[in-house]
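Bear in mind that the values here come from a model prediction, so they are computed numbers and not experimental data.
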Amino acid sequence: MGVGLAMPFSSPLALLGLLSVVPLIILYMIRPKPRDLPFPSTAFILEGEAKPSASLSRLVTDPLFWTQLLVIVFLVIAAAGPYTEGRGIQGEHLVVVIDLSASMEASFDEAEAIFLRYSSGQDRISIVLAETIPLLALREGNEVQARSAFSALTPRAVSADLSAGMVMGRSLLGAEGGQILVISDFISWIGDDPEVTRGLIETEGTGVVFVDTGGGGDNVGIVGGWIIDSGGIANCSCLIRNYGRTRTVPIRIEGPGGTTTTTRTIGSGGESYLTFDASPGITIVTLEVEDAISSDNRAYVSVPEVRPRRALYLGEEGAPLAALRSISGIEIGRSGDYGGFDLVVTDDSTNDGQLNRYVYGGGRVVYIGTNSSASPEYLPVRIGGIVNESAPLWRRNPAFTGDLHLDEVVVKGYLQASPRRGSVTIAEANGVPVISYWRLGGGTVVYLGLSQESSDFSQRPEYPLFWYKMTNWLTEVPDISESNRKTGEVIRLGETALVEAPGGRISTDVLLLDRVGVYRFQGRTIAANMYDPVESNLQGGRTLNLGSFASGRTSEKLVRKDLSGWMVLIAAALIILELAILRRRGR
């Protein structure tokens with residue numbers, strides 16, 4: 001193996017630190033060094049002879065100066081990153097794809113033993129974490145670094161995309177190639193079939209080996225959850241399934257409303273439903289059992305806190321007012337100054353300048369269209385008459401109507417309206433907006449063009465729910481569905497934010513919900529639950545061809561050898577010598 005004699009630096013600008021020897025030299029030249037010397041009278045005879053400078057003599061003869069000078073030099077060179085390069089043999093690159101799905105909790109000790117066995121003696125190791133999306137834990141580390149990185153890993157409350165992890169592993173190997181080791185229980189996965197992906201990778205000459213950790217075991221878990229928001233109090237249901245022997249399961253429910261306990265006896269392969277009410281805040285359901293997976297033994301319910309709100313209703317008695325009155329937490333006024341209310345609902349067709357200023361100042365208005373001859377300027381549409389014909393209702397934007405069946409509403413007539421620039425049409429009839437909104441100044445205006453006489457919307461059971469969702473959306477009350485998510489989901493925060501997660505605080509702009517528990521960030525509170533009947537079932541699994549590595553291949557390439565460590569060791573030895581010199585001088 002030929003090695004070049006030149007010693008380049010990875011950070012050559014650090015060599016500017018050598019300028020620090022200048023102050024050291026100046027210090028030694030001006031530092032007084034008094035000594036007791038005999039003074040013979042004949043010394044005057046030598047007065048005319050030339051003598052070397054005392055300061056320069058001290059620099060040349062003082063070993064402490066040279067020791068300190070060399071310490072500075074070697075430390076600066078170490079900081080500059082000296083290295084040598086040459087053609088040589090570099091060891092095989094091993095990429096380990098480790099399954100971190102919830103089911104791996106039952107066999108993770110075996111997974112670690114497998115990793116230690118295969119990583120022993122490897123020159124370069126990369127580690128890819130197979131979760132919902134693959135994550136890189138280590139890139140081309142040595143054996144010590146790889147073992148340290150692996151020891152910090154724990155299974156997460158997600159399913160694993162093994163194929164995506166293998167594809168990332170192949171990209172890490174690059175043109176140089178190497179081998180891929182996949183450690184998994186192979187009980188379940190998401191994404192493409194791992195065997196198909198392995199076949200594609202092996203056609204490129206890369207060996208892929210599957211190692212089965214075993215897995216299996218009895219498990220009981222919460223595999224489903226549903227929440228119905230009834231305004232303030234949420235009605236919740238959980239599905240508990242038993243993947244093992246018959247057992248009696250103690251259950252604890254604790255939250256703002258207090259703590260209750262119950263039990264369920266569930267047969268092998270059986271299931272049981274649990275229903276309860278959850279008050280605003282966090283409610284926790286716990287199965288107090290010892291089983292193979294802990295992630296599915298808890299479920300969290302987050303019910304948003306709703307502050308009291310005030311709504312001003314300007315109009316006649318009717319379905320809209322009845323719907324408003326059905327919403328808990330809203331105080332309804334029939335008169336008063338606009339500024340004292342969070343929301344104004346009006347079917348008054350007059351162009352009220354004061355209401356216009358209220359909207360621009362940040363107010364929220366719901367305008368119920370009843371008069372075809374009026375079209376206030378603050379509306380997101382221009383009203384220009386009435387259409388007396390039936391038409392299907394078509395949703396164009398979900399907004400606050402996502403789970404409502406608007407297509408089932410019977411429309412017998414509607415106001416002729418055209419959208420203003422910047423408005424958003426939620427639902428339309430024959431291309432005419434009948435539900436829309438826009439942001440005006442600092443406020444928001446919602447237009448409802450479906451009157452009680454022109455459609456059956458107000459007679460449908462979903463009508464109060466429509467008003468509940470719309471008022472919450474307008475007054476910025478979090479949607480309960482947005483506050484309760486499944487693990488494995490990815491939330492883009494829009495900016496780097498500090499997140500209080502179940503595993504501790506993290507700073508990120510893309511949040512992966514990979515643990516069961518509560519996440520708090522940007523003023524929001526989200527509960528994440530696994531709810532995965534496939535991942536909780538350890539009775540399945542599939543026998544796969546484990547495969548084998550390709551015959552050992554090594555490649556000759558340009559190898560870089562870092563010399564910084566040697567420079568630091570030499571500097572440390574010189575510092576010890578310096579201390580010895582100072583000790584001998586009694587300092």
Problem - Side chains of Val289 and Pro250 in contact at under 4.5 Å (non-hydrogen atoms) - result: yes
Exercise for the section: Measure from the side-chain N and O atoms of Glu112 to the backbone N and O of Ser151, and report whether any donor-acceptor pair falls under 3.5 Å. Expected result: no
Handout entry: Gap between atom CZ of Phe150 and atom CD1 of Ile183 - 0.5 Å precision
Key = 5.5 Å
Fill in the blank from the handout: Closest non-hydrogen atoms of Glu535 and Val158, given as atom of the first, atom of the second and distance, are CD-O, 3.8 Å
Problem - Positive for side-chain hydrogen bond (donor to acceptor under 3.5 Å, both in side chains) with Arg156, one of Asp514, Thr132, Thr487 - result: Asp514
Output a table of donor-acceptor pairs, distance under 3.5 Å, between side-chain atoms of residues 492-510 and any protein atom two or more places apart or on a different chain; print 'none' if there are none.
residue	atom	partner	partner atom	Å
Thr508	OG1	Val510	N	3.0
Thr508	OG1	Val510	O	2.8

Handout entry: Check ion pair Arg198-Glu195 (N to O, under 4.0 angstrom)
Key = yes
Handout entry: Salt bridge Glu428-Arg396, side-chain N to carboxylate O under 4.0 Å
Key = yes
Practice task
Determine yes or no for a side-chain-to-main-chain donor-acceptor pair under 3.5 angstrom, with Thr475 supplying the side chain and Thr471 the backbone.
Solution key: yes
Exercise for the section: Look only at the side chain of Ser148 and the backbone of Val144, and say whether a donor-acceptor pair between them is shorter than 3.5 Å. Expected result: no
Problem - Glu204 bridged to Arg170 by N-O distance under 4.0 Å - result: yes
Handout entry: Audit row: Val128, Ile98, side chain to side chain contact (heavy atoms under 4.5 Å, CB included) steps and yes/no
Key = CA-CA 6 Å; Val128 175; Ile98 175 68; over 6 Å; no
Handout entry: Met470 and Val366, any side-chain heavy atoms less than 4.5 Å apart
Key = yes
Exercise for the section: Considering non-hydrogen atoms only, spot the tightest contact between Ile180 and Gly169 and give its length. Expected result: CD1-C, 4.1 Å
Handout entry: Donor + acceptor pair across side chains of Glu131, Ser101 (<3.5 Å)
Key = no
Fill in the blank from the handout: dist Thr248:OG1 -> Ile266:CD1 (nearest 0.5 Å) comes out at 9.0 Å
Exercise for the section: Compare all side-chain heavy atoms of Ile240 with those of Val220 and state whether any distance is below 4.5 angstrom. Expected result: yes
Exercise for the section: State the CG-CD distance between Leu538 and Glu105, to the nearest 0.5 angstrom. Expected result: 9.5 Å
Practice task
Indicate the atoms forming the closest heavy-atom contact of Val211 with Phe186, along with that distance.
Solution key: O-CE1, 3.6 Å
Handout entry: Any side-chain heavy-atom pair of Thr401 and Lys469 under 4.5 Å
Key = no
Problem - Donor-acceptor contact present, side-chain Lys486 to main-chain Tyr531, <3.5 Å - result: yes
Fill in the blank from the handout: Looking only at heavy atoms, the pair that brings Asn537 and Ile187 closest together is O-CG2, 3.5 Å
Handout entry: Check: Gly267 main-chain N/O paired with Asn242 side-chain donor or acceptor under 3.5 Å
Key = yes
Practice task
Report yes if some heavy atom in the side chain of Leu239 is under 4.5 Å from a heavy atom in the side chain of Trp226; otherwise report no.
Solution key: yes
Handout entry: Working for ring-ring contact (aromatic ring centres under 6.0 Å, His included), residues Phe400 and Tyr468
Key = CA-CA 9 Å; Phe400 45 82; Tyr468 172 72; over 10 Å; no
Exercise for the section: Might you point out which heavy atoms bring Asp291 and Ile293 nearest each other, and give the distance in Å? Expected result: OD1-O, 2.9 Å
Exercise for the section: Test side chain to side chain donor-acceptor pair (under 3.5 Å) on Arg147 and Asn142 and set out the steps. Expected result: CA-CA 9 Å; Arg147 294 190 177 199; Asn142 57 36; over 6 Å; no
Exercise for the section: Tell me, please, which residues at least two apart from Arg252 pass side-chain contact (heavy atoms from CB on, under 4.5 Å). Expected result: Glu254, Thr259, Thr261, Thr286, Glu288, Arg298
Exercise for the section: Find the distance between CZ (Arg139) and CZ (Arg124) and round it off to the nearest 0.5 Å. Expected result: 12.0 Å
Exercise for the section: Measure the shortest side-chain to side-chain distance between Val223 and Asp532 over non-hydrogen atoms and say whether it is less than 4.5 angstrom. Expected result: no
Fill in the blank from the handout: For Asp185 and Met104 the tightest heavy-atom approach is N-SD, 3.3 Å
Fill in the blank from the handout: Rounded to the nearest 0.5 Å, the CG atom of Leu406 sits from the CD1 atom of Ile426 at a distance of 9.0 Å
Practice task
Go through Ser126 and Leu138 one step at a time and tell me if the side chain to side chain contact (heavy atoms under 4.5 Å, CB included) criterion holds.
Solution key: CA-CA 5 Å; Ser126 296; Leu138 179 67; 5.7 Å; no
Exercise for the section: Could you walk me through whether Arg515 and Tyr519 pass the side chain to side chain contact (heavy atoms under 4.5 Å, CB included) test, one step at a time? Expected result: CA-CA 9 Å; Arg515 296 176 186 265; Tyr519 296 77; 3.6 Å; yes
Exercise for the section: Taking Ser159 for its side chain and Ile190 for its backbone only, find out whether a donor-acceptor pair lies under 3.5 Å. Expected result: no
Exercise for the section: Please answer whether the main-chain N or O of Pro533 pairs with a side-chain N or O of Ser536 as donor and acceptor at a distance below 3.5 Å. Expected result: no
Exercise for the section: Assert yes or no for the condition that the ring centre distance of Tyr437 to Tyr447 is strictly below 6.0 Å. Expected result: no
Problem - Test item: Thr444 and Trp438 side chains (from C-beta on) under 4.5 Å apart, heavy atoms - result: no
Exercise for the section: Go through the steps to decide whether Ser184 and Asp99 satisfy the test side chain to side chain donor-acceptor pair (under 3.5 Å), and finish with yes or no. Expected result: CA-CA 5 Å; Ser184 172; Asp99 182 349; 2.7 Å; yes
Problem - Test item: side-chain donor near acceptor, Ser268 and Thr246, under 3.5 Å - result: no
Practice task
Dump the intermediate steps for side chain to side chain donor-acceptor pair (under 3.5 Å) on Ser107 and Thr213, then the final yes or no.
Solution key: CA-CA 6 Å; Ser107 57; Thr213 61; 2.8 Å; yes
Exercise for the section: Determine, stepwise, if the pair Trp467 / Val345 fulfils side chain to side chain contact (heavy atoms under 4.5 Å, CB included). Expected result: CA-CA 11 Å; Trp467 276 90; Val345 179; 3.8 Å; yes
Problem - Side chain to side chain, Ile251 and Phe276, heavy atoms closer than 4.5 Å - result: no
Handout entry: Distance in Å, Thr525 OG1 paired with Asn484 CG, rounded so as to fall on 0.5 Å steps
Key = 10.5 Å
Practice task
Determine the interplanar angle of the Phe457 and Tyr463 rings, folded into 0 to 90°, and report it as parallel if under 30°, tilted if 30 to 60°, perpendicular if over 60°.
Solution key: perpendicular
Problem - Arg245: side-chain contact (heavy atoms from CB on, under 4.5 Å) partners, not counting sequence neighbours - result: Asp218, Arg247
Problem - Arg439 side-chain N/O to Ser423 backbone N/O, donor-acceptor pair under 3.5 Å - result: no
Problem - Test item: Asn235 side-chain N/O and Ile228 main-chain N/O as donor-acceptor pair under 3.5 Å - result: no
Handout entry: Main-chain N/O of Tyr300 paired to Asn529 side chain as donor or acceptor, under 3.5 Å
Key = yes
Problem - Salt bridge present between Glu476 and Arg307 (N-O < 4.0 angstrom) - result: no
